[in-house]
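Have a look at the structure below before the remarks.
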Amino acid sequence: MPFVVRAQASPAVYVTPHDLVQVLSGRADLVSGGDALVAVTPLPGSRLARVEAAGRDVTRLFAHQGSRYVGLVTGLPAGRSLIRVALTTNGSTSRYLLWVTNHSIDGPVFSGPQIQPWACAAGTTGKQCHKAASYTLKYLPAGTTQLHASAAGSGVASTYQDYDPKNPPPAGTIATTTTQTGVTVPFIVRVEEGYLDRDEYTIAALYQPGKPWTGVHPQPQFNHKLVLTHGAS
C-alpha cells in the first residue's frame with residue numbers, strides 16, 4: 001500500500017508505489033540529460049487529470065497506451081525534483097509523488113569522479129568534450145547475403161550505403177528485413193553519433209524516413225530491445 005502523507009484540508013497525497021508512477025527509461029534516481037520516459041498506471045476506476053514535472057504542467061505530453069499513460073518528460077532540472085500526478089475517481093482527486101534525480105549528460109552518474117587530466121577527441125569543445133549529436137541514414141543494398149559488421153560504431157562497414165532522403169535510391173534496390181515481432185520494413189538504419197560523459201556513443205536503429213517517431217509512439221519496427229557493444233577499452 002502507498003504511504004500516505006496527509007496535509008490538513010487537502011486531498012490525500014501519496015508517495016507513490018513504484019508500479020503506479022515509474023520512469024521507464026531507467027531508474028528514477030539515474031535520469032540524465034533532462035529527459036525521462038514516464039508511465040502512469042491509474043488505479044481501477046480512476047483517470048489521469050494532471051501531471052506536473054518540477055512545477056510545470058506536462059499533462060499534454062502523456063498519451064493513453066493500453067492500461068496506462070506514457071509521456072516523454074523533457075527539461076528536468078539538475079538534481080532532485082518531483083513528478084506530481086493527479087488521478088480522479090468519482091469526482092475525488094488523489095495526488096501521487098515520484099522523486100527523480102537528473103544528472104548532467106556530461107557525467108558522471110554513478111561511476112565516481114572523472115579521471116583528470118583528460119584529452120578530449122578532435123572536434124569536441126570544452127573540458128567536458130561537448131559535441132552536438134549528428135544523424136545519418138544508411139541502407140543495405142538488396143541482394144546482400146552476409147553482414148560483415150554492425151551498423152553501429154565508428155566506421156560503418158562499407159556494406160551499407162548512404163541514404164539521402166532528398167534523393168532516395170529506388171525501393172527495389174533496398175533490402176528488406178523482418179523483425180522479431182514480425183514487422184517487415186526496408187533495411188534503412190538511422191545512425192546517431194554524439195558525446196556523453198566525455199566519450200563518444202553511437203546508436204543505430206531501423207528507421208523509416210518520412211514517418212513519425214516519438215518517445216510515446218515509436219515506429220512499428222521498434223521492438224523495445226537494446227543490444228550493447230563496447231570498444232577496445
Side-chain angles (χ1 to χ4, degrees), residues 1-7 9-110 128 130 132-133 135 190 192 194-197 201 203 205 207-208 211-220 222-226:
M1 294 295 293
F3 176 73
V4 182
V5 186
R6 292 194 182 275
S10 67
V13 177
Y14 302 94
V15 177
T16 184
H18 74 280
D19 57 346
L20 195 146
V21 183
Q22 60 186 139
V23 177
L24 300 179
S25 50
R27 278 174 35 180
D29 61 336
L30 297 180
V31 174
S32 64
D35 302 342
L37 189 64
V38 178
V40 178
T41 304
L43 298 172
S46 64
R47 66 176 184 84
L48 182 67
R50 183 180 176 91
V51 182
E52 292 182 2
R56 296 181 296 115
D57 183 357
V58 295
T59 312
R60 62 179 180 81
L61 300 178
F62 284 75
H64 202 194
Q65 288 189 354
S67 62
R68 66 186 183 181
Y69 297 85
V70 179
L72 179 60
V73 178
T74 61
L76 291 169
R80 294 185 80 207
S81 62
L82 269 175
I83 293 179
R84 302 173 181 264
V85 175
L87 298 177
T88 59
T89 307
N90 297 325
S92 63
T93 301
S94 296
R95 292 180 171 85
Y96 298 83
L97 312 178
L98 177 67
W99 284 101
V100 295
T101 304
N102 175 47
H103 305 260
S104 170
I105 199 170
D106 293 334
V109 175
F110 55 79
Q128 295 302 126
H130 288 294
Y135 305 88
R190 180 179 185 264
E192 174 186 344
Y195 272 76
L196 54 82
D197 199 9
Y201 71 86
I203 301 173
Y207 186 76
Q208 298 184 66
K211 296 186 178 182
W213 186 330
T214 70
V216 177
H217 296 294
Q219 292 182 356
F222 181 55
N223 62 2
H224 299 272
K225 293 183 179 181
L226 175 67

Say you draw a straight line from [atom1] of [X] to [atom2] of [Y]; how long is it, rounded to the nearest 0.5 Å?
X      : Y      : atom1 : atom2 : result
Tyr207 : Phe222 : OH    : CZ    : 13.5 Å
Thr41  : Tyr69  : OG1   : OH    : 10.5 Å
Leu97  : Leu20  : CG    : CG    : 11.0 Å
Leu72  : Leu61  : CG    : CG    : 7.5 Å
Leu48  : Ser46  : CG    : OG    : 9.0 Å

For the student: nearest non-hydrogen atoms of [X] and [Y], plus distance:
X      : Y      : result
Val73  : Ala53  : CG1-CB, 3.6 Å
Ser81  : Ala54  : CB-CB, 4.0 Å
Thr93  : Ala86  : CG2-CB, 4.1 Å
Asp197 : Gly107 : OD1-CA, 3.6 Å

Between the main-chain N or O of [Y] and the side-chain N or O of [X], is there a donor-acceptor pair closer than 3.5 Å?
X      : Y      : value
His64  : Gly66  : yes
Asn102 : Gly79  : no
Gln219 : Gln208 : yes
Gln65  : Val216 : yes
Ser32  : Ser104 : no

**OP:** List for me each residue that meets ring-ring contact (aromatic ring centres under 6.0 Å, His included) alongside His217, sequence neighbours excluded, and say none if there are none.
**Re:**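 Result, ring-ring contact (aromatic ring centres under 6.0 Å, His included) vs His217: none returned.
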
pair [X]-[Y]: side-chain heavy atoms closer than 4.5 Å:
X      : Y      : result
Lys211 : Trp213 : no
Tyr96  : Leu43  : yes
Leu87  : Val85  : yes
Ser94  : Thr89  : no
His103 : Pro108 : no
Val51  : Arg84  : no
Val70  : Val38  : no
Asp35  : Leu76  : no

**OP:** Sort and list the pairs that fulfil salt bridge (Lys or Arg N to Asp or Glu O under 4.0 Å) and have at least one residue in residues 55-75, not counting sequence neighbours.
**Re:**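 Found Arg50-Asp57.
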
Original post:
What residues form a salt bridge (Lys or Arg N to Asp or Glu O under 4.0 Å) with Asp29, not counting sequence neighbours?
Top reply: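 Scan of Asp29 (salt bridge (Lys or Arg N to Asp or Glu O under 4.0 Å), adjacent residues dropped) gives Arg27.
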
Original post:
Does a donor on one side chain sit under 3.5 Å from an acceptor on the other, for Glu192 and Tyr201?
Top reply: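 Per modelled atom types, Glu192 and Tyr201 side chains form a pair under 3.5 Å.
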
Subject >> Test side-chain contact (heavy atoms from CB on, under 4.5 Å) applied to Val23 and Leu98, step by step >> reply: CA-CA 9 Å; Val23 177; Leu98 177 67; 4.2 Å; yes

